[in-house]
Amino acid sequence: MNTIKIGWIGLGTMGIPMSQQLVKAGYPVTVYNRSKEKEASLKEQGADTSPTPGTLLQQTDVVIIMVTDDKAIREIFTGEDGLLKANLTGKVIINMSTVSPAISKEMAALCTQQGNHYLDAPVSGSVKQAETAQLVIMAGGDENVFEQVKPVLEKMGKMAVHIGETGAGNAAKLAINTLLSIHTQGLAEAVVLAKQNGIEAETLLNLLNNSALANPFMKIKGDAIINNNYSPAFSLKNITKDLRLAKDIGLSSPLGEAALQTFADAEAGFGNEDLVAVIKHLDK
Ligand code: NAP
């Protein structure tokens, strides 16, 4: 039985399978989600619930956050019932959302003022990796604090690495997602070009998946294209959010700029679908 009391905020596509790993590992877990109906599956597994982020912090030692963006993070920390309103001390707050290094630095400073610790610890990998505890976790912040909570992080991932100061995890994640977007657009463009020349997606993907270019991402997203299944593992609007954040920290490369433009153009029509739905925009 693990005795650290874990609080979990954000039960979306990623938050549910990630928090379930901690319940499975035997930690006492208390959850909070803005939309209460999403707490049901965790309750069934034995997690407690708490009505607000502030009350959650009171009841737990380590709080982990997995929500959409900077705006959500600001509300969770500084909102009326937010974490900082609880006015507590000695807690560790781990933000695993993909957000800007700037918001991490701002929230870390507020946590330090109250005598709490903040780590940014975003993840690479999607739902499948979350369900199998195979995420790659990159952290920024105090290395000693990271070492204290590393065993908790390792219940959700195959590796958890300290990268540097506050915000370094976020910056590494934005670099990874820049490549993810370029990779996705490249795959979509190849499938569209093949199709324009009479070659079915299935035929091209069979070639690609057996070539030196084969990789797990291509297999998963290739299958999604073949099966016309664009239900979101990682939404197109969220990769567009990340490219905008990458631009804010200096993204100005030819491929990165092009990907931002493409995904931003696709967002209005396909934002709530998986990022590989960019193929529908390119195929128009
Ligand atoms: P999601 O399914 O859209 O879930 C978003 C979560 O954030 C929900 O729990 C939502 O609450 C909560 N939220 C949003 N705005 C909020 C606010 N203002 N106050 C309180 N809660 C708020 O997103 P996801 O796919 O799980 O992604 C979560 C984070 O992980 C994002 O930063 C994303 O970029 C990153 N990420 C995603 C993947 C992936 O493959 N999906 C992979 C790696 C990293 P409600 O239920 O009330 O809406």
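Indexing begins at 1, ligand by ligand and atom by atom, following the structure's order.
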With heavy atoms under 4.0 Å as the rule, classify the contact between [X] and ligand 1 as side chain, backbone, both or neither.
| X | result |
| --- | --- |
| Glu75 | side chain |
| Met14 | both |
| Asn33 | side chain |
| Ser124 | neither |

Can you find an N/O atom of [X] closer than 3.5 Å to an N/O atom of ligand 1?
| X | result |
| --- | --- |
| Lys71 | no |
| Arg34 | yes |
| Ile76 | no |

Do [X] side-chain atoms and [Y] backbone N/O form a donor-acceptor pair below 3.5 Å?
| X | Y | value |
| --- | --- | --- |
| Asp283 | Ile279 | no |
| Thr89 | Gln114 | yes |
| Gln129 | Ser126 | yes |
| Gln59 | Gly7 | no |
| His162 | Gly164 | yes |
| Lys237 | Glu267 | no |
| Asn116 | Lys91 | yes |
| Ser35 | Glu37 | no |
| Asn33 | Leu11 | yes |

message: Quiz question: by atom type and distance under 3.5 Å, do the side chains of Asp242 and Asn238 form a donor-acceptor pair?
response: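 No, Asn238 and Asp242 have no side-chain donor paired with an acceptor closer than 3.5 Å.
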- prompt: So, Ser50 versus Thr30: side-chain donor-acceptor pair below 3.5 Å or not?
  reply: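 Thr30 and Ser50 do not have a side-chain donor-acceptor pair below 3.5 Å.
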With a cut-off of 4.0 Å, which atoms of ligand 1 are near a heavy atom of [X]?
| X | result |
| --- | --- |
| Ser126 | 39 (C), 40 (O) |
| Lys241 | 31 (C), 32 (O), 33 (C), 34 (O) |
| Ser35 | 45 (P), 46 (O), 47 (O), 48 (O) |
| Ala233 | 39 (C), 40 (O), 41 (N) |
| Gly10 | 9 (O) |
| Lys38 | 45 (P), 46 (O), 48 (O) |

- prompt: Can Pro232 be said to touch ligand 1, with heavy atoms closer than 4.0 Å?
  reply: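 No, Pro232 has no heavy atoms under 4.0 Å from ligand 1.
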task: I would like to know whether Arg244 and Asp248 meet salt bridge (Lys or Arg N to Asp or Glu O under 4.0 Å); could you show each step before the answer?
output: CA-CA 6 Å; Arg244 291 193 179 106; Asp248 289 344; over 6 Å; no
What is the closest protein heavy atom to [atom], and at what distance does it sit?
| atom | answer |
| --- | --- |
| atom 32 (O) of ligand 1 | Thr68 O, 2.8 Å |
| atom 42 (C) of ligand 1 | Gly125 O, 3.1 Å |
| atom 35 (C) of ligand 1 | Thr98 OG1, 3.5 Å |
| atom 12 (C) of ligand 1 | Val67 CG1, 3.8 Å |
| atom 25 (O) of ligand 1 | Thr13 CB, 3.6 Å |
| atom 15 (N) of ligand 1 | Ala72 CB, 3.5 Å |
| atom 30 (O) of ligand 1 | Met66 CE, 3.0 Å |
| atom 4 (O) of ligand 1 | Gly12 CA, 3.3 Å |

field: Evaluation steps, salt bridge (Lys or Arg N to Asp or Glu O under 4.0 Å), between Glu131 and Lys128
entry: CA-CA 5 Å; Glu131 286 171 349; Lys128 194 169 173 217; over 6 Å; no
